[in-house]
2 protein chains.
Amino acid sequence: MNTPTFRNWQSVQDEVLRRIHSREWKPGDLIPNETDLAQEFGCARTTVNRALRSLADSGLLDRRRKAGTRVASQPVAKATLNIAVIRSEVEERGQKYGYQLMSRAQAVPPVGVSAGMATDTGQTLLHIRARHIANDKPYAVEDRWINTKVVPDALNETFKAVSANEWLLTHAPYTHGEIAFSAASASKDDSAVLSCPEHSALFAIDRVTWDGDASVTKVRLIFAPGHQLRTDLK
Amino acid sequence: MNTPTFRNWQSVQDEVLRRIHSREWKPGDLIPNETDLAQEFGCARTTVNRALRSLADSGLLDRRRKAGTRVASQPVAKATLNIAVIRSEVEERGQKYGYQLMSRAQAVPPVGVSAGMATDTGQTLLHIRARHIANDKPYAVEDRWINTKVVPDALNETFKAVSANEWLLTHAPYTHGEIAFSAASASKDDSAVLSCPEHSALFAIDRVTWDGDASVTKVRLIFAPGHQLRTDLK
DNA sequence: AATGATTTTATGTGCATACATAATAATCTG
DNA sequence: CAGATTATTATGTATGCACATAAAATCATT
């Protein structure tokens, strides 16, 4: 048996993948340690480390100090979704993008919102409702609350030409956020805005973003019937 | 101005993040090259590289050889979803998991399925329908087609005790896949299986996995009303 | 001025080495 | 023997150096 030498970390990764797929290393199995693999592959331990770390990042390997590296017994599939600006999303499908501001007002939000944003219950926020359009057909409704304590500039913006969706990205950086996907039944209002039958099954995204421990914005996007969010699985 | 030294790549990353969030480096800006940053931070270029590479991976920086590194002009939010086995998903919520096989048969699939799986139109596949249960209430319906040319062992498995969802993970490795999320209106059948009103808005996941250029399985999971898929945004 | 060859430059990666750290295993101690 | 202490070990990472590679910038040639 000839042992070819692996010059770069990608080829090491490929070989490890091959062994996993060929079930030479089965889920749950402990694989040789980095030093041994480096020797076998004829490369530096650093290179093996890079390859294994990358595979661990993608959920295929479980690594623990001293305990070693093993093939994930339940390889968690990781799907990475790129949450882009809606305009780009529409334009990338080769469709014509349109935008309509429906309302813009300062108001005290319902408790669900202020709780989710961890703002004071009485605190006034900026409330925006808008419609995104693709090829002249309703694409999504955006219902957004903006924390003007964190983004005071938003008060000077009409959001008539640029959607809050887009404006915030370049004007209000955030450190982290939460996102949730679900299905919602079209309310009377939704059905009017998206011109679809009432009680249609609609895809919804809820998102809250934070700058440190202060919430920046909370948004609910409801998409027209048939919307799919797709990505690759690795 | 004192220039603290950064000993590890995480602290370098934190500092870079700070500068981005503080808008010292704005979206689209070209940032100093690795060598300069290394000097400023008092660490090796390798360390800076590690930090910047990691940020580029998460979509916050755009890097190109010779052209340098710049802050992503549209910082694409990336949400990574961990698609786990349904049993684990349920158990992690502290709920009691249950499973019921509804049907198991070899059949020629509808063209939509054979097309999606790139199998011959006349080829027989293994068709499984099952119900996942959380705390004695319906959780999700699984409708799955398995390519028995790729996973012949599946023919020897009854799927009465172990769900295909789980069995495949440990018995049929895959190289890549596609996944899509959408909303679906409950069919008569769905409503019966999930014990919910007809036309309820249900969250659905469609997934096809591949081993090389042969499809392994195609599955549609439809969840009981109210299901949410959540994750963090980075 | 258009085209093609060459240089420059910033990132990408490999390697040897050293030390850090977490977690297990072994040992000691009351 | 339980519990605390110490040793061992595999991964994690920092560093200096070297060279690879892509792409931009420059220069040479027609």
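Because only heavy atoms are used, hydrogens play no part in the values below, and waters and symmetry mates are left out as well, while side chains stay in. Just so it is clear, the structure is predicted and the values come from calculations on it, not from any experiment. Quick note on labels: first sequence line is chain A, next is B, and so on, each numbered from 1.
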So B/Thr69, base contact, sugar-phosphate only, or nothing? Heavy-atom distance under 4.0 Å. sugar-phosphate

Nearest-angstrom distance from the residue atom CD of A/Gln39 to C1' of C/dA16: 15 Å

Rounded to 10°, tell me the angle between the two end axes of the helix from C/dA1-D/dT30 to C/dG30-D/dC1, each built from five pairs. 0°

Taking all atoms of both residues into account, what is the closest heavy-atom pair of B/Ala134 and B/Gln95, and its distance? CB-OE1, 3.6 Å

Rounded to whole Å, how long is the line connecting atom CG of A/Asn33 with atom C1' of D/dT8? 13 Å

When rounded to whole Å, the CG to C1' distance for the pair B/Asn49 and D/dT21 reads 14 Å

On DNA chain C, compare the nucleotides closest to B/Pro32 and A/Lys66; which residue's is nearer the 5' end? B/Pro32

Starting at atom CG of A/Asp62, determine the distance to atom P of D/dA10, rounded to an integer number of angstrom. 18 Å

If I take atom CG in residue A/Leu52 and atom P in nucleotide D/dG12, what distance separates them, rounded to the nearest angstrom? 9 Å

Looking only at side chains, do A/Ser11 and A/Asp14 share a donor and an acceptor under 3.5 Å apart? no

Taking C-beta and beyond as the side chain, do A/Asn147 and A/Leu125 meet within less than 4.5 Å on heavy atoms? yes

Evaluate the ring planes of A/His176 and A/Trp210, with Trp represented by its six-membered ring, and classify them as parallel (under 30°), tilted (30 to 60°) or perpendicular (over 60°). parallel

Give the rounded distance in Å between these two atoms: CG of A/Leu30 and C1' of D/dT9. 12 Å

Please determine if B/Arg63 and B/Glu34 form a salt bridge, counting it only when a charged side-chain N lies under 4.0 Å from a carboxylate O. yes

Do B/Arg144 and B/Thr217 pass the side chain to side chain donor-acceptor pair (under 3.5 Å) test, and can you show the C-alpha distance, the side-chain angles, and the key distance before you say yes or no? CA-CA 7 Å; B/Arg144 181 184 296 272; B/Thr217 185; 3.2 Å; yes

A/Phe41 CZ to C/dC15 C1', in whole Å, measures 17 Å

How many Å lie between CZ on A/Arg65 and P on C/dC19, as a whole number? 17 Å

Of the candidate nucleotides D/dA24, D/dT11, C/dT13, which contains the atom at the shortest distance from the side chain of B/Arg64? D/dA24

Verify the ring-centre separation between A/Phe223 and A/His132: is it less than 6.0 angstrom? no

Identify the pairs formed between an N or O of the protein and an N or O of nucleotides 14-18 of chain D at a distance under 3.5 Å, and give each distance.
from, atom 1, to, atom 2, distance (Å)
D/dA14, OP1, B/Trp9, N, 2.8
D/dT15, OP2, B/Ala44, N, 3.0
D/dT15, OP2, B/Thr47, OG1, 2.5

Under 3.5 Å side-chain donor-acceptor pair for A/Tyr139 and A/Glu89: yes

Looking only at side-chain N and O atoms, does B/Ser163 offer a donor or acceptor that is under 3.5 Å from a partner on B/Glu142? no

